[in-house]
Amino acid sequence: MLITVAVTAVVAVALSLGLWAGEDGGPTVSGRGTAAEPTPSPTRSYPLSSAPNTIPAVRGHTPERGPGWRPARGQRVVVSDAGLADEGRLIAGELGMSYGGDRDDTRAGDLRLALGRGGSANPESYTLTVRGGQVTISAPADAGVFYGTRTLKQTVRDGATAPEGVMRDEPAKPQRGLMLDIARKHFTAGWIEDRVRELGDLKFNQLGLHFSDDQGFRIESASHPEIVSAQHLTKAEVTSIVRLARSRHITVVPEIDSPGHLGAVIAAHPDLQLRNAQGVPARGAVDISKPAAAEIVDDLLDEYAGLFPGDQWHLGGDEYQALMVSDPQASYPQLAAAARRAYGSGGTVADLATGWLNDRAATVRANGRVPRAWNDGFYAGTSVQPDKDIKVAYWTGKEIGARVPAEYLAAGRQVVNYNDEFLYYVLGEPQTFVYPTGQRIYEQWTPRVLRGTEAVPAQYDAQILGGSLAVWCDLANSQTQDQVAAGIRMPLRATVQKLWDPTRPELTWAEFGKLADQLG
């Protein structure tokens, strides 16, 4: 009788501390519902656990008492769905564990990856449970499972222990990116792949490649080989980059900017260059009154749709020289005449440029892509309106006729934040640009700060899809690619922290920097 009372008391204490309880309040079970063998339970000698320090920070942690978990050789990574094999093999190799595959059985020290939770949940959310000497990462989709493994990888770095308890985490913004200008400066495939690995570990999910500009066209082309620069990426190299990115749940977003920034195309096709009424050529701009200009750009958009399988496409649309003068109709009469032919007597050069943008959007839309364009490619006061599904990549408010971000948002448009005062890393710091600092991003920027330092009203928050740090290579030789990697290291970490959770971070900047050094 005394023994029965004692056992009952121990069980009651354990249950009151949540030591043996599963997420649903029942006993801890394996990923397939088979009850696990009892393990030595923690006692009151264990203090309540604390949330781990990670970048980005975990948004929710329920503490429990227990010894926590750390990886060891001989322990397994197992999955409850064969579709998680890639995530399982990756984390097993990173933690020095063995990959056990799709298994029902449970062993001490297991790390289990599982799909679960309601279908309406954020697909990038995850739950990471450390309990009873085991770890389970579950999520609605494989992306969430992957992010859970990134959190665990950071948590146990250098022999640390994952704390007992339950982490529930998800990003505030669905688009978290880095854009690389590989047109003005050639970056090696290996360097780009290193950035992909870095982005994956930080829970970024987009890599933009701006590969066509006045200074170069940097990816092999079958449809127009004459425009390709001597230094370029082969399609095989791009395929490898894309494959690696997909394994890290990163979408590669290509950009062929038009109708401006096409100098590399014009070098091989000088007859397409825009000239004003006096015959002076406009740098990098094609004459959009000429059908051949649209044909060559559409050839390229169609060709590279097969190389980049993601659902996003950047059309550029910025800094078209014809619309950077005081009187476009007088300066470029051939464009004004084409606009009137297309849109009637009131047609303007801005209408013609908007029609160009819509036509290019139709080309990528036919290939299953969602288009975006720079905000200065959306012109005010036009009779032709940009298609509603074209997302606004907001970067500046310095163009002629600049509009505040709230105007785009009030019109119902969705926006991606590229704020040039916080997120533009411009090589050589030309004009008024200065290299962004992680501290300024960390302490002053949020996704709602689209222009300058002022946030748009909170009512528009849901229309802001996310943001992107952007590397522009205006003075390409100002830094080596390794210097670029070092220069963007802390801005990347600060950016993703604020995209994952825009609220005021718990760590000071000094503490955040120390953590970044510890995590590597």
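Not measured: the values here are computed from a predicted model. Along the sequence shown, residues are numbered consecutively beginning with 1.
No donor-acceptor pair under 3.5 Å is formed between the side chain of E255 and the backbone N or O of G208. A donor-acceptor pair under 3.5 Å is absent between the side-chain atoms of T129 and the main chain of V166, judged by distance alone. A distance-only check finds no donor-acceptor pair linking the side chain of D474 to the backbone of V426 [under 3.5 Å]. Side-chain N or O atoms of N375 include one that pairs as donor or acceptor with a backbone N or O of W395 at under 3.5 Å. Put simply, the side chain of D257 gets close to the backbone of G317: a donor and an acceptor are under 3.5 Å apart. At distances below 3.5 Å, not a single donor-acceptor pair connects side-chain atoms of R489 with backbone N or O atoms of A485. Judged by distance alone, with hydrogens and angles left aside, the side-chain atoms of Y435 form a donor-acceptor pair with the main-chain N or O of G428 at under 3.5 Å.
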>> Would V238 and F211 count as a side-chain contact (heavy atoms from CB on, under 4.5 Å) here? Give the steps.
In response: CA-CA 11 Å; V238 174; F211 63 92; over 6 Å; no
> Stepwise, does the ring-ring contact (aromatic ring centres under 6.0 Å, His included) test hold for Y394 with Y418?
Replying inline: CA-CA 6 Å; Y394 197 95; Y418 291 80; 9.9 Å; no
>> ring-ring contact (aromatic ring centres under 6.0 Å, His included) for Y304 and W313? Distances and angles first, verdict last.
In response: CA-CA 10 Å; Y304 292 107; W313 199 287; 7.6 Å; no
> Checking salt bridge (Lys or Arg N to Asp or Glu O under 4.0 Å) for the pair D213/K185: CA distance, chi angles, key distance, verdict?
Replying inline: CA-CA 10 Å; D213 213 302; K185 182 180 181 68; over 6 Å; no
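Applying the 6.0 Å contact sphere to CZ of R403 captures more than 12 heavy atoms from other residues, nucleotides or ligands. Within 6.0 Å of CD on Q483 lie more than 12 heavy atoms contributed by other residues, nucleotides or ligands. A 6.0 Å sphere centred on CD of E506 holds no more than 12 heavy atoms belonging to other residues, nucleotides or ligands. By the 6.0 Å contact criterion, NZ on K398 is enclosed, its count of non-hydrogen atoms from other residues, nucleotides or ligands being greater than 12.
In the model, Y442 has no side-chain atom that pairs as donor or acceptor with a side-chain atom of Q497 under 3.5 Å. In the model, Q481 has a side-chain atom that pairs as donor or acceptor with a side-chain atom of T188 under 3.5 Å. Between the side chains of H261 and D318, at least one donor-acceptor pair of N or O atoms lies under 3.5 Å. Between the side chains of R70 and T161, at least one donor N or O lies within less than 3.5 Å of an accepting N or O. E421 and T453 form no side-chain donor-acceptor contact under 3.5 Å, judged by distance and modelled atom types alone. Donor-acceptor pairing under 3.5 Å is recorded for the side chains of Q312 and R372.
Contact between R112 and V79 at its shortest, heavy atoms only, is NH1-O, 3.6 Å. Between R65 and L48, the closest heavy-atom pair is NH1-N, 3.6 Å. Among all heavy-atom pairs drawn from A141 and P123, the shortest one is CB-O, 3.7 Å. Taking every heavy atom of both residues into account, P71 and Q75 meet most closely at CA-OE1, 3.3 Å. V130 approaches A162 most closely through the heavy-atom pair CG1-O, 3.8 Å. Nearest approach of G452 to N419, heavy atoms of both residues: O-ND2, 3.0 Å.
Residues F422 and P436 form no side-chain contact, since every pair of their non-hydrogen atoms from C-beta on lies 4.5 Å or further apart. P52 is not listed as a side-chain neighbour of Q154, based on a closest heavy-atom distance of 4.5 Å or more. Side chains of Q134 and T106 form a contact here, defined as non-hydrogen atoms less than 4.5 Å apart. The side-chain heavy atoms of E429 and V434, taken from C-beta on, include a pair separated by under 4.5 Å. At least one side-chain heavy atom of W191 sits less than 4.5 Å from a side-chain heavy atom of L180. Within the 4.5 Å cutoff, no side-chain heavy atoms of D169 are placed close to those of Y147. N122 places a side-chain heavy atom less than 4.5 Å from the side chain of P171. Residues L492 and L199 form a side-chain contact, since some pair of their non-hydrogen atoms from C-beta on lies under 4.5 Å apart.
Aromatic ring orientation, Y424 versus W472: tilted (interplanar angle from 30° to 60°). Ring orientation note: the planes of H249 and F146 are tilted relative to one another, at an angle of 30° to 60°.
Both tests do not hold together for R451 against Y408: distance to the six-membered ring centre under 6.0 Å, angle to the ring axis within 45°. Judged by the 6.0 Å and 45° rule, R448 forms no cation-pi pair with Y460. Under a cutoff of 6.0 Å and an axis angle of 45°, K498 and W445 do not form a cation-pi pair.
With respect to N205, the side chain to side chain donor-acceptor pair (under 3.5 Å) criterion is satisfied by exactly one of K173, E124, Q175: E124. Partner of D201 under the salt bridge (charged side-chain N to carboxylate O under 4.0 Å, His left out) criterion, out of R248, R157, K153: K153 alone.
Under a 4.0 Å N-O distance rule, the pair D110/R76 qualifies as a salt bridge. Ionic pairing of K514 and D517 is not present here: no N-O contact between side-chain nitrogen and carboxylate oxygen is shorter than 4.0 angstrom.
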